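Here is the structure we will look at, set down as structure tokens.
Everything quoted here is computed from the prediction, not taken from an experiment. In what follows, chains carry the letters A, B, and so on, assigned in the order in which the sequence lines appear, proteins first and then strands, with residues in each chain numbered from 1. Computed from heavy atoms alone, side chains included, the values below leave out hydrogens, waters and symmetry copies.
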Number of protein chains: 2
Amino acid sequence: MSESYPVDAMNRVKRRHDRGFYDHATVHALLDTAALCHVSYVIDGQPYCTPTLFWREGTRLYWHGSSASRMLRNLSKGEPACLTVTHLDSLVLARCGFNHSADYRSVMAFGLARLVTDPAEKERALVMMVDRFFPNRTAGLRPTTAQEIKATAVIVMEIDRASAKIRAKGVIDDDEDYALPIYAERLPVRTTIGPAEPCPRLMEGVTRGADLAPYAPGRSLDEALTEAYALAYPRG
Amino acid sequence: MSESYPVDAMNRVKRRHDRGFYDHATVHALLDTAALCHVSYVIDGQPYCTPTLFWREGTRLYWHGSSASRMLRNLSKGEPACLTVTHLDSLVLARCGFNHSADYRSVMAFGLARLVTDPAEKERALVMMVDRFFPNRTAGLRPTTAQEIKATAVIVMEIDRASAKIRAKGVIDDDEDYALPIYAERLPVRTTIGPAEPCPRLMEGVTRGADLAPYAPGRSLDEALTEAYALAYPRG
């Protein structure tokens, strides 16, 4: 039996509960397919939904922003947050309006988000903020300055509860509707990597390293991110 | 001068304010490129970030879910919400960690969300929930039943404030770093439509109609959605 996140009213998948998963393996694998997430937080009763880049380390999620951002000022003490990742895999056209749908994979993760203030934890996080996506890259970069470290805020959230929700069914119509002369289809959607665009100001002789091999043109971004994750975090 | 959304502490783009836009033209055009959004709302102080399909009508946003969903029960009276749309357009690899970035286009829209209860408004919304994405499709579908209408909840939110934030710059390094022998690139990311997968149970002779022409294989999803929007809402 794989470990699972506890389930209660906060994270139980209520609508279409057959699509819900709570085990670490499913939740973590889905989180590791993505670079972009949306984080929800509350300021004076007002919800905000902010897109940002994030990554996972065990049962912790990290994301970043400038110290000036409204989110960080408010989350720095440890505030409830919800980080969500979604892949849209298709649009589904059925024989009635009600059965129109979409295939998707999503994770909602809940916890208390706080600013990373411990210098060693922050230094390590700033390395992984790059190396999780581009393994071994930081070692070859111009070192980060003290001012840059100060200007970068890192947020961490231990996942208290999480759920994954997956639909991968294509067209599902009511039994009697299949006899109707109505066109229906699954329209697949895919997010892929294009040909890399090297900086026009590269020094002569500087070329793309083998570490960027996962990011090959035409590949699904989620596959490339999963492969990069496995290189950056070989123990999962 | 184009009309704009009012700007205050809620929606002012604070970090990288040069990337912020508040005019209706920019905000609406970006909203119309997307099918998927993330909606944030608050229940007992806990933020939730829920992915869903949505569409725009003038300065109103509509989205849907089952009457059983946790979001709708709580938003039905008119609750503050934030609906966000984000496109990730690239990952940016720079010569130092601090300048690693991404190109993106996003909109955050704020307002009070409420359940659509007026029968005429709900009926029209259920048509547009399909026809906004697939123009003229509802007319050819098996009619929606009273039970389906009852089982579908529609949420509407008048946009009170909104901001768009766009980065489309690729690699930007500190002046002195361009002299370093470090590889840097813009890695483009694109979400495209794949070949349509017709339902295997289609009646003989039933074919894909010309109305689905915007959804051609290899096309960017955001372009196809923009074209479909213009057909569904010719007055914008």
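For chain B, the nearby parts of A:Ala184 are the backbone and the side chain; heavy atoms of each come within less than 4.5 Å. Of the two parts of A:Ile149, neither the backbone nor the side chain holds a non-hydrogen atom closer than 4.5 Å to a non-hydrogen atom of chain B. At a 4.5 Å heavy-atom cutoff, the contact between A:Val130 and chain B is made by side-chain atoms alone. At a 4.5 Å heavy-atom cutoff, the contact between A:Phe134 and chain B is made by side-chain atoms alone. A:Leu221 touches chain B through its side chain: at least one heavy atom from C-beta onward sits under 4.5 Å away, while N, CA, C and O do not. Contact annotation for A:Ser106: only side-chain heavy atoms (C-beta onward) come within less than 4.5 Å of a heavy atom of chain B.
Across A:Gly45, A:Gly209, A:Pro51, the residue that shares the most heavy-atom pairs under 4.5 angstrom with chain B is A:Pro51. Counting heavy-atom pairs closer than 4.5 Å to chain B, the top-ranked of the candidates A:Gly194, A:Cys82, A:Cys49 is A:Cys49.
Annotation: the span from A:Arg142 atom CZ to B:Glu176 atom CD amounts to 7.0 Å, rounded to 0.5 Å. Annotation: the span from B:His38 atom NE2 to A:His38 atom NE2 amounts to 5.5 Å, rounded to 0.5 Å. Distance check, rounded to the nearest 0.5 Å: CG of B:Leu141 to OH of A:Tyr183 gives 13.0 Å. The line from OH of A:Tyr178 to SG of B:Cys199 is 5.5 Å long, rounded to the nearest 0.5 Å. Rounding to the nearest 0.5 Å places CD1 of B:Ile182 at 10.5 Å from CG of A:Leu202. Separation of atoms CD (B:Glu148) and CG (A:Asn99) is listed at 6.5 Å; rounding is to 0.5 Å.
No more than 12 heavy-atom neighbours from other residues, nucleotides or ligands sit within 6.0 angstrom of CG on A:Asp44. Within a 6.0 Å radius of CD in A:Glu123, other residues, nucleotides and ligands contribute 12 heavy atoms or fewer.
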task = Dump the intermediate steps for side chain to side chain contact (heavy atoms under 4.5 Å, CB included) on A:Leu36 and B:Thr86, then the final yes or no.
result = CA-CA 9 Å; A:Leu36 176 73; B:Thr86 308; 3.9 Å; yes
task = Could you walk me through whether A:Thr191 and B:Val189 pass the side chain to side chain contact (heavy atoms under 4.5 Å, CB included) test, one step at a time?
result = CA-CA 7 Å; A:Thr191 298; B:Val189 170; 3.4 Å; yes
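The minimum heavy-atom distance linking B:Pro80 with A:Pro47 is given by the pair O-CG, 3.3 Å. When every heavy atom of B:Leu53 is checked against every heavy atom of A:Ala102, the shortest pair comes out as CD1-CB, 4.3 Å. The heavy-atom pair separating B:Pro188 from A:Ala196 by the smallest distance is CD-CA, 4.2 Å.
When side chains are defined from C-beta on, B:His100 counts as touching A:Arg137, because their heavy atoms get closer than 4.5 Å. Side chains of A:Thr84 and B:Thr50 form no contact here, defined as non-hydrogen atoms less than 4.5 Å apart. Counting heavy atoms from C-beta outward, B:Ile193 and A:Arg190 have side chains that stay 4.5 Å or more apart. Side-chain contact between B:Met10 and A:Ile43 is absent, with no heavy-atom pair separated by less than 4.5 Å.
For residues 87-97 of chain A, a heavy-atom distance under 4.5 Å to chain B picks out A:Leu88, A:Leu91, A:Leu93, A:Ala94, A:Arg95, A:Cys96, A:Gly97, given by residue number. Proximity to chain B at a heavy-atom threshold of 4.5 Å picks out A:Val171, A:Asp174 from residues 160-174 of chain A, in numerical order.
B:Phe110 and A:Tyr48 have perpendicular rings, their planes meeting at more than 60° on a 0 to 90° scale where under 30° would count as parallel.
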